[in-house]
Asks: 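Sharing a structure here in structure tokens format.
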Amino acid sequence: MVFLNICILSQSTNNNDIPFSKKELKLKAEVALDSAKLYQAKNWQLVKQYARSSFDFAVASGSDSLIVRSSQYLGVVYSILNQLDSSNFFLVNAAKSNENQGNYDHAILLNNAVIMNWLKLGELDSAWNIIDYNNQFLLPQDSIIPSAKIHALIAEAEYFSKLTLYDKCIERLFEAEQLSIELKDSTFLAQIVGGIGYAYGALNRHEDALSYYKSSLSFFDPMETDRALIYMNIGNQFGNINQLDSAEKYFDLSLEIYSRLKSGKANEAKPLLAKVSLLVNTNNVPKASNILLEVDTSTLLNIQKARFYLLKAQITSDNNQAKIYANQAKEYAVLTSDIELQHEVSQFLHDKLKELGLYNKAYEELLLYQQLSDSIFNYDKSISAQKVLVNNAIQKKNKEIAINELAFEKERIEKSRNNWVLFFSLLSVSFVTVFLYMKYRISKSKLLLAKKEKELLEQENEQVKKDLSQVSFEWERSKDFLQKTKNQLKEIKQSEQKEGAINSLLAVTNQYVNAEEQKTAFQDKVKDIQASFFSKLDDIGRLTKTEKKVAALLKLQLSSKEIAEIQHVEEKTIEIYRSRLRKKLSISSEVELPSFFNSI
């Protein structure tokens, strides 16, 4: 497959005069891109050539999607080759294309890569411009997925770290950590938690740094080099709090991983040199010397070589030898972009030259030392100015947020006021409605009560009429009885059988007298009851005369039907009287009326 791809590409490059169709150009762009990916991590220069060819063919074909793909891939390759300006050119174009197509997530990821490149180049203003653009135009989009937000927060945290604004760095990482927990992504969490540990270490909060570094270990596979780096950082934190045994333990664990993975002598030297620095700072020179003997300088990077020879210069007791080592350290430090390391080496060399009495050379080194100091001072001054700009931008943004929140709060209060007005209006309407309804119910109840009172009054009037009718009937019956008696007496006077006629008259008279006596006895009994009973009833309630009579008859254990016959009314009327008696005298429905009246 690789051979086929190379043949196609060579054919295209050797026949530049032959016109190709857009379809063929697209194919060549795809083939070049595949060829570049085949050589990843093997030959990056060859990868760059294929990636560039892919981009050229994509542009010639006019395929937007291929241009974007080849641009972003070429940008990543240039970044790996540390050609950061070229990397940014392609990444920015790819990001803008993705943004135009509505792929905001991908645009943010590419912009984040550009931010990291600018930070490596020390172009902090350029980095901030892209961060600000992301925050204003891309991140507010509704379609942005959590992972893109996390990448953006990590890039912003890295920016604040460069400015040594570690508090703000930690704030952004905490936000990213929360999103990562919701997303359940351990890869993000490993990077974020480790970053928080680093920031706390920079703030000299070593206990917090240790806690976060140890937490990050749970997100790495035991065989990964990330774990070795974390072990080394933990060792440094233990060294900062003078727990030397724990520091050495973690440096050894880091070295063990690098050795087991065979990651190269340069990586293995990292924990060794960190351990030596710790020993030098604690004046354990013999042990530091023994460890340095194990380091193979031929495979070290320039920055590690500079650090190695500086350490050797620091532990040797021979000033001449120390000068030699310091000069070697200086040579390698100059090859690096680490000004602070160059400054440290120059300071050490200046002091040694003075001790050796080489004042001219010491003076030359002093000039270099001062020049480096000025560079560091200017860098710090630049950083300070950048901090001011960033703080102003943040304050401006916070002010805008505060204004928006104030407007929102004002709107909320206005809505709340309107809601309360509406609520009280509805409450007033409800109250008026309930009041009118209750008034209607009361009026209706009064009408019903008046109607019932009227009915009872009519019933009482009817009862009076019946009583009068009964009295009239009794009077007529008495008159009739007297007339009959008178007539029978005349007959007896004229009759010859006077004895028989007298006996017949006596029988009728006795019958009438017995009936009257029974009636009189019953009425007397009722009157006896009524005499004391009515007075007691007056003590416990206001009852009408008829109601008192019904109560007295109930006291005699008479049923409603029997009382109705006595009162010459319907049984239903007596039930109404019973109900009125219960209501007026507050008698529970569980208590029988005869029992209640007998208890009085």
Asks: With sequence neighbours left out, which residue pairs that include part of residues 231-248 fulfil the salt bridge (Lys or Arg N to Asp or Glu O under 4.0 Å) condition?
Replies: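 Residue pairs passing salt bridge (Lys or Arg N to Asp or Glu O under 4.0 Å), neighbours aside: E248-K275, E248-K287.
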Asks: Hey, is the main chain of E562 close enough, under 3.5 Å, to the side chain of S559 for a donor-acceptor pair?
Replies: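 Flag set: sc S559 to bb E562 pair under 3.5 Å.
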Asks: Under the rule for salt bridge (Lys or Arg N to Asp or Glu O under 4.0 Å), what residues qualify as partners of E256, not counting sequence neighbours?
Replies: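 Testing E256 for salt bridge (Lys or Arg N to Asp or Glu O under 4.0 Å), a comparison that skips the adjacent residues, returns R260.
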Asks: What salt bridge (Lys or Arg N to Asp or Glu O under 4.0 Å) pairs are there with at least one residue in residues 130-140, not counting sequence neighbours?
Replies: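 Only D132-K397 qualify under salt bridge (Lys or Arg N to Asp or Glu O under 4.0 Å).
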Asks: Sequence neighbours left out, what pairs pass side-chain hydrogen bond (donor to acceptor under 3.5 Å, both in side chains) with at least one residue falling in residues 591-600?
Replies: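 Pairs touching residues 591-600 that pass the test: none.
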Asks: Can you list the residues that meet the ring-ring contact (aromatic ring centres under 6.0 Å, His included) rule with F188, with sequence neighbours excluded?
Replies: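 Only H151 meet the ring-ring contact (aromatic ring centres under 6.0 Å, His included) criterion with F188.
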Asks: For salt bridge (Lys or Arg N to Asp or Glu O under 4.0 Å), just list the numbers for E414 and R417, CA-CA rounded to whole Å, side-chain angles, deciding distance to a tenth of an Å, and then say yes or no.
Replies: CA-CA 5 Å; E414 185 67 22; R417 188 181 69 80; 2.8 Å; yes
Asks: Do S161 side-chain atoms and A157 backbone N/O form a donor-acceptor pair below 3.5 Å?
Replies: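 It does not hold such a pair.
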Asks: Does anything in residues 134-157 pair up under salt bridge (Lys or Arg N to Asp or Glu O under 4.0 Å), and if so which pairs, sequence neighbours excluded?
Replies: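 Sorted result for residues 134-157: E156-R172.
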Asks: Could you tell me which residues satisfy side chain to side chain donor-acceptor pair (under 3.5 Å) with R412, sequence neighbours excluded, listed by chain and number?
Replies: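 R412: side chain to side chain donor-acceptor pair (under 3.5 Å) contacts with E409.
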Asks: Any salt bridge (Lys or Arg N to Asp or Glu O under 4.0 Å) involving residues 99-112? Give me the pairs, sequence neighbours left out, ordered by first then second residue.
Replies: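 Residue pairs passing salt bridge (Lys or Arg N to Asp or Glu O under 4.0 Å), neighbours aside: K96-E99.
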Asks: Where do S97 and D64 land on the side-chain hydrogen bond (donor to acceptor under 3.5 Å, both in side chains) test, with the steps shown first?
Replies: CA-CA 8 Å; S97 297; D64 290 337; over 6 Å; no
Asks: Sort and list the pairs that fulfil ring-ring contact (aromatic ring centres under 6.0 Å, His included) and have at least one residue in residues 580-600, not counting sequence neighbours.
Replies: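 Applying ring-ring contact (aromatic ring centres under 6.0 Å, His included) to every pair that reaches into residues 580-600, excluding sequence neighbours, yields F533-F597.
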Asks: Sorted by first residue and then second, give each side-chain hydrogen bond (donor to acceptor under 3.5 Å, both in side chains) pair with at least one member in residues 196-220; sequence neighbours left out.
Replies: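 Only R205-D208, H206-Q237 qualify under side-chain hydrogen bond (donor to acceptor under 3.5 Å, both in side chains).
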Asks: Would you check if there is a donor-acceptor pair between the side chains of S560 and E575 at a distance under 3.5 Å?
Replies: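 A donor-acceptor contact under 3.5 Å links the two side chains.
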Asks: Is it true that a side-chain atom of D185 and a backbone atom of I181 form a donor plus acceptor pair closer than 3.5 Å?
Replies: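 A pair under 3.5 Å: no.
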Asks: Distance-only, no hydrogens or angles: does the Q141 side chain make a donor-acceptor pair with backbone N or O of F137 under 3.5 Å?
Replies: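 Yes, because the side chain of Q141 sits within donor-acceptor range (under 3.5 Å) of the backbone of F137.
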Asks: Name all residues meeting the side chain to side chain contact (heavy atoms under 4.5 Å, CB included) criterion together with Q178; count only those two or more places apart in sequence or in a different chain, and write none if there are none.
Replies: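 Applying side chain to side chain contact (heavy atoms under 4.5 Å, CB included) to Q178 gives E182.
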Asks: Taking salt bridge (Lys or Arg N to Asp or Glu O under 4.0 Å) as the test, write out the residues that go with E411, two or more places apart.
Replies: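 K415.
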